[in-house]
Amino acid sequence: GYLSDSTTSRFGRRRLYLLVSVLPLGVCFYLLWSPPLGLGAMGNFVFLAIMYMLMDACFTLYATPYLALGAELSQDYHERTQIVATRTVFHGLGAFIAVTCLSKVVGGSPTMLPDSAAALSSTLPPTGARQGFAQVGALLAGVMIFAGLIAFYGSRETPPSSQTVQLSFRSFINALRSTLDTQPFRVLIYTFAVMTLGASIHQPLTVYVFRDWLAMGQQLPTLMTLYLAAVLLSLGSWTHLARRIGKNRAFQVCILWSVAALSVFPVLRADMPSWVFYMFLILAGFGAGGYILPLSIAADVVDYDELHSGQRREGAFFGLWTLTMKLMAVGILLVGMSLDLIGYMPNQAQSPFTLWSLKILYGPIPALFFLASFFIFLRFPLTREHHADIQQQLQLRRLQLSAHRERE
């Protein structure tokens, strides 16, 4: 992020990194699905671990300037939310393409994916499975590269209205410290970090809960498709709500919606009709659509920082944002440890205590994290009116700077 703030090239500050990272990102993704033959268990582990780390590094090299560029595309308070919502639509489309492709490899429709995957070793020869997953890896890698190039060729950068940061280690340390000293961003990143921890506990447990407690493993892809569709269909409503009451209040409503949905989940019973779970996931997905708002709010924080620092440093802010996303790994570690503590036994019936614990881990525990993030975000100081005042001051400063340059 800091490097992209400091970069000058004929492609701009951000787009250069989209171009140089997208091809290695796709290659590393493909290699994850097609490891060389004959490596053995330890060899496969080392190869896949290295490929995954390289892919994640390439993803960060792409995603950080990509998010920063998205924040620069508009200075309008509401249009920024529309940009994030549009990006989320294509995010959902990519997820649907991935699930569909994988379901074709293991056989059957997406609604049969878990059972088909479990029976993969008995229904497909090893060579057929390897070839199928390699083909999926190549196809999805091609989609990734193609989409990344569209983002590169289809976007244009506006030259920064304020000075860029200097490229030196001391400047990097100063920029990092200054970014964390920005009070609105500090509140926002703490909010996002706590939410990320809660989500990283909730999401990995989805398969266990629906397969072992609700005995709905076969319907899980259908349920997730409904959830994803509800998220995408809700984006327009959340954008409208943010326009009516401001992004801050709309985001608070979104957090409380998730707290309510997660808290109610243990009340559901395995013997309830399927439509109850369908409706529940649709309502939960509709609430989750509001999580487009933090990235839009982060773009407003960059304006606040420009007013006080005189620099445009989207890269530094969104670099810390993508770093905070890595907290998902901490949540996954906690899930693994928790499954051991509650006595979870793979591939067999679970005890009543284990099933009860799964419900608590899946719903109320993440709800506590989201509730904590709500109280943290209450301290966020930037309102719609405050941001409008910041934009007026920045516009006046830019006009004065332009007039000064013309005199020189």
Side-chain angles (χ1 to χ4, degrees), residues 1 3-4 7 9-39 43-71 73 83-84 86-106 110 113 117 127-157 203 221 224 228 232 295 314-315 318-319 321-323 325-326 328-329 332:
L3 286 174
S4 70
T7 296
S9 75
R10 66 187 183 94
F11 300 116
R13 296 195 296 171
R14 317 294 183 194
R15 294 173 61 247
L16 173 66
Y17 293 95
L18 306 188
L19 181 64
V20 301
S21 62
V22 66
L23 181 59
L25 175 62
V27 170
C28 291
F29 180 84
Y30 165 72
L31 291 175
L32 275 176
W33 295 94
S34 55
L37 290 169
L39 293 180
N44 274 322
F45 171 79
V46 172
F47 176 84
L48 294 174
I50 292 174
M51 284 300 104
Y52 197 91
M53 287 188 286
L54 287 175
M55 186 191 72
D56 209 31
C58 292
F59 170 78
T60 302
L61 186 63
Y62 182 93
T64 300
Y66 174 80
L67 293 175
L69 177 60
L73 291 179
I83 291 172
V84 178
T86 303
R87 181 169 58 207
T88 304
V89 170
F90 288 93
H91 181 100
L93 178 61
F96 179 77
I97 291 173
V99 171
T100 302
C101 289
L102 290 174
S103 69
K104 297 303 180 182
V105 173
V106 300
L113 182 56
T127 54
R130 289 183 62 92
Q131 184 179 31
F133 284 117
Q135 290 173 349
V136 166
L139 175 61
L140 296 181
V143 172
M144 292 168 65
I145 294 172
F146 179 69
L149 291 177
I150 288 178
F152 170 76
Y153 286 107
S155 59
R156 294 292 181 269
E157 289 191 47
Q203 292 173 3
M224 292 300 98
L228 179 61
L232 297 180
L295 281 172
E314 288 92 344
F318 286 101
W321 193 274
T322 53
L323 177 63
M325 292 169 60
K326 313 298 183 183
M328 291 291 291
I332 294 173

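Reckoned from all heavy atoms, side chains included, excluding hydrogens, waters and symmetry mates. Everything numeric here is computed off the predicted structure, so don't read it as measured data.
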Which pair of non-hydrogen atoms, one from R87 and one from G70, has the smallest distance, and what is that distance? NH1-CA, 4.2 Å
Grab the two heavy atoms, one from C58 and one from S21, that are nearest each other, plus how far apart they are. O-CB, 3.9 Å
Test your reading of the model: is there a side-chain donor-acceptor pair from R14 to the backbone of A68, 3.5 Å cut-off? no
Spacing of L69 atom CG and E314 atom CD [to the nearest 0.5 Å]: 9.5 Å
Drop me the distance from F59's CZ to M325's CE, to the nearest 0.5 angstrom. 4.5 Å
Between K326 and D56, does a side-chain contact (heavy atoms from CB on, under 4.5 Å) hold up when you go through it step by step? CA-CA 10 Å; K326 313 298 183 183; D56 209 31; 3.2 Å; yes
Roughly how far, to the nearest 0.5 Å, is CG of L32 from CE of M55? 5.0 Å
List the steps and the verdict of side-chain contact (heavy atoms from CB on, under 4.5 Å) for T86 and F90. CA-CA 7 Å; T86 303; F90 288 93; 4.1 Å; yes
So which heavy atom on T322 is nearest to which on T60, and how close? OG1-CG2, 4.2 Å
Compute the ring centroids of F11 and F152, then answer whether they are less than 6.0 Å apart. yes
Nearest heavy-atom pair of A151 and S155: which atoms, and what distance? O-OG, 2.5 Å
Are the side chains of F318 and L295 in contact, using a 4.5 Å heavy-atom criterion? yes
Using only atom types and a distance under 3.5 Å, with no angle test, would you say the side chain of T64 pairs donor to acceptor with the backbone of L61? no
Quick one: CG on L54 to CD1 on I50, what's the gap to the nearest 0.5 Å? 7.5 Å
Just so I know, are the side chains of L48 and L31 near enough to count as touching, which here means a heavy-atom distance under 4.5 Å? no
Does any non-hydrogen side-chain atom of V143 lie less than 4.5 Å from one of F146? no
Measure the CG-CG distance between N44 and L37 for me, rounded to the nearest 0.5 Å. 9.0 Å
The reported gap from CG in L139 to CH2 in W33 (rounded to nearest 0.5 angstrom) is 11.5 Å
For the student: nearest non-hydrogen atoms of R15 and Y153, plus distance: NH2-CA, 4.3 Å
Under 4.5 Å between any side-chain heavy atoms of L16 and E157, yes or no? no
Using a 6.0 Å cut-off, check whether atom CZ of F47 has over 12 heavy atoms from anything other than its own residue. yes
For a 4.5 angstrom cut-off between non-hydrogen side-chain atoms, does L18 reach V22? no
Looking only at heavy atoms, what is the nearest atom pair of L140 and C101, with distance? CD2-SG, 4.1 Å
